[in-house]
Amino acid sequence: MRRRLVALQLLMVSLLVLLIARLWQVQVVDGAKYAAAATETRTREVVVPAVRGRILDSAGRPLVRNRTTLVISVDRTELGRMEDGGRAVLERLGAVLGRDPEELRLRMRPCDAKVSRPCWAGSPHQPIPVDADVSTAQALQIMERRELFPGVSAETQAVRDHPGGSAAVQALGYLQPVTKEELERREGLKAEFSGVDMAGRDGLEEVYDDELRGTPGRRRVQVDRLGRVLGVEHETPGKPGLTLITSLDAKVQAVAEKAIAEAMKSAPKADGAAAVVLDARTSRVIALASAPTYDPKVWAGGIREEEYERLLSDEAGKPLVSRAIKGEFAPGSTFKMSSVAAMFRAGYPMNGRYNCPGVYMVGSRAFHNFRGRSLGSMTLHTALVKSCDTIFYRAAYEQWLKDGGLRPKGKPKEVMARTARAFGFGRPTGVDLPGESPGRIPDRAWKKRTWAATKDVNCKNAEDGYRDLAKTDGGRAAFLTRLAHENCLEGYLLRPGDAANFSIGQGDVLVTPLQLAAAYAALVTDGRLRSPRLGWALVEPDGTKVREIEVPVRGTLPISAAERAYIKRALSQVASDGTAAGAFQGFPMKKVRIGGKTGTAEVYGKADTSWFASFAPVEDPRFVVVAMVSQGGLGSAAAAPAVRKIYEGIYGFTPKGKPAPKALPAGAPPARPPVIKKDGTLTW
């Protein structure tokens, strides 16, 4: 019995020693670690999103700014823990917001390839905004009855506001929730993700997203066991995003938007239009308009699938797509300045005389002048002013023959195509906007690539003979069958007709309005081809300049200063004595002389594309203005009048030549971006 008691005493002493040792380890050795862990259970680290930077025009006017609104968000995870999956909560929430509960549920679905909008593309761990711009009364109904709305929150958030409405909306871009893929791809973004961050989509919002985003703040809050916030323990303020000053001018932009909208109304079949206004000396973008356009408010609170599809639909004219940088169109006679430059490179004399017959035979095919008119003998100067086609047909055909025709030996010179590429066509301009189209220069290499990619389809169509089409349109089916057969066998050949069409900006040649504007800016100034820029400077909210955005030079035109001057002199007469004279009748040319070139490009199955590329003043160009109206008809009928209206707005002229308020009071682009003082005022 005694031995048992001793053993029990030893066991108790051992346990007591072990307990004391463990307590010493927990409280003394690891005390700091457990204290920190205890603190973590009653505190939460919250990332506070930074205020996104503004986007201003060259006069300091806001193009995109922030405004405060009440946003209702739902925690999908918390609703998922409920027995009914949160359906009762959504029913009550829908009643308060005046929304269909099913619509609220759809907005909370994760987006993927099989889920249509509305859906949530952001992080699955963040509250999902289901309604923006709610009233204070609606928010109070929710917040004062939290027991009825678990997982629902109402917070004040900054949302993007466009004071100009739809003006320049394709160039400015929009915001959408940060996706899981972006968090995984962008480590810096992942480290600073607040849970409600938005990322720039398209336009300047996307290109300058990192600069506009800012640095988020951090807040450590005390919470109770239910996760309710009791107070703020520590807070590190965030740093607002930088302000982006652009070279865009809001007033000129408004003038350009109105001009192309009116041009579309004047052309019954018009289905789209674009206008570009550049600073001729620097290639900074003053206005970039595309029609049809849309209201940027559609992005607030999440866009519906049907609305998103409408923005991309042909029926609505694809308003989400900027025709100024993404639209590819045959340029017509505006392209002839490149063809004249190619003729100079090929050895055609600058001051020689050339016959302009009504028709010219390219091989066995007749190519006609506009309306078959014969204009007699003339210089290349007059060929540009009067827009003679047959002179260029002949030059292109002669160069095609020199290259070896259908069976070239060695490496052909392809002077027309090479010159066009040197003018910047066939490749993106490098503008600071996403998704720019490269256009197309159809040389021999392109023909071979296209043939290789389409041979099987063409051969199949040639064999089938377009049977379905033949039932309704036998003539068209027969034509397409012959064409498919020809392309199946010899589609890799650059034919003489291809070369002839190329010389007048027809056939397979495609350019964007911005490409054409950049080429004209180089032609009428110093010969340097630049990458246009909308962004001008990035500054801190207090006005401290971070950096000025330079305009890169990407090449030099392949002609001499004398040759550029020759082409410029010819183009200087088009608006007064040439093909655009009717459109500029009554314009005060003695005050501001306009130069340029009309273009009328034929499109199979559609009305002609209307173009006018211009510069002013002729003596010392400060502006390059290009307008394009898809299915607008003659260049002098739709595009040239639109360009005239833009110049009238810039210089303050009325249609009758009387003075009016100027969009640009100085009559020229500003030389430097505005300086923002600490009090918010501007200086230059």
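Keep in mind it's a predicted model, so treat the numbers as computed, not measured.
No side-chain donor-acceptor contact under 3.5 Å links T512 and E328. No side-chain N or O of N66 forms a donor-acceptor pair with one of R52 less than 3.5 Å apart. For the residue pair Y520/S614, the side-chain donor-acceptor check at 3.5 Å is not satisfied.
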Test side chain to side chain contact (heavy atoms under 4.5 Å, CB included) applied to L516 and V276, step by step: CA-CA 9 Å; L516 196 63; V276 179; over 6 Å; no
Residues Y294, S166; criterion side chain to side chain contact (heavy atoms under 4.5 Å, CB included); working and verdict: CA-CA 6 Å; Y294 70 95; S166 62; 6.0 Å; no
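Under the side chain to side chain contact (heavy atoms under 4.5 Å, CB included) test applied with V285, the options L433, T246, D249, L248 reduce to a single match, L248. Among R547, K239, R54, the single residue meeting the salt bridge (Lys or Arg N to Asp or Glu O under 4.0 Å) criterion with E540 is K239. Partner I286 forms a side chain to side chain contact (heavy atoms under 4.5 Å, CB included) with one of I646, V252, L278 and no other, that one being V252.
A pairwise comparison of heavy atoms in S135 and Q138 identifies N-OE1, 3.0 Å as the closest pair. When all heavy atoms are compared, the tightest approach of D131 to R99 is OD1-NH2, 3.1 Å. L288 and A171 get closest at one heavy-atom pair: CD2-CB, 4.1 Å. Minimum interatomic distance between T525 and R564 (heavy atoms only, all atoms of both residues): O-NH2, 3.7 Å.
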Distance-only criterion, 3.5 Å: show the donor-acceptor pairs between side-chain atoms of residues 317-327 and protein atoms not counting sequence neighbours.
from : atom 1 : to   : atom 2 : distance (Å)
K318 : NZ     : D314 : OD1    : 3.4
S322 : OG     : A324 : N      : 3.4
R323 : NH1    : G317 : O      : 2.8
R323 : NH2    : D271 : O      : 3.4
R323 : NH2    : G317 : O      : 2.8

Enumerate, atom names and distances included, each donor-acceptor pair closer than 3.5 Å involving a side-chain atom of residues 420-427, sequence neighbours excluded.
from : atom 1 : to   : atom 2 : distance (Å)
R421 : NH2    : I441 : O      : 3.2
R421 : NH2    : D443 : OD2    : 3.0

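Separation of atoms CG (D161) and CZ (R67) is listed at 5.5 Å; rounding is to 0.5 Å. Expressed to the nearest 0.5 Å, how far OH of Y174 lies from NE2 of H162 amounts to 11.5 Å.
With hydrogens and angles disregarded, a donor-acceptor distance shorter than 3.5 Å links the side chain of D432 to the backbone of L534. Of the possible polar contacts, none joining the T429 side chain to the S531 backbone as a donor-acceptor pair under 3.5 Å is found. Judged by distance alone, with hydrogens and angles left aside, the side-chain atoms of Q170 form no donor-acceptor pair with the main-chain N or O of T293 at under 3.5 Å. Under a 3.5 Å cut-off, the side chain of D279 and the backbone N or O of S283 do not form any donor-acceptor pair. Proximity of a side-chain donor or acceptor of R65 to a complementary backbone N or O of P62 within less than 3.5 Å is not detected. Distance alone, capped at 3.5 Å, is enough to place a donor-acceptor pair between the S247 side chain and the R533 backbone. A donor-acceptor pair under 3.5 Å is absent between the side-chain atoms of W536 and the main chain of D57, judged by distance alone. Side chain of Q253 to backbone of A167: no donor-acceptor contact under 3.5 angstrom is found.
Around the CZ atom of R622, the shell of radius 6.0 Å holds more than 12 heavy atoms that belong to other residues, nucleotides or ligands. Within 6.0 Å of the NZ atom in K258, the count of heavy atoms belonging to other residues, nucleotides or ligands does not exceed 12. A 6.0 Å sphere centred on NZ of K645 holds more than 12 heavy atoms belonging to other residues, nucleotides or ligands.
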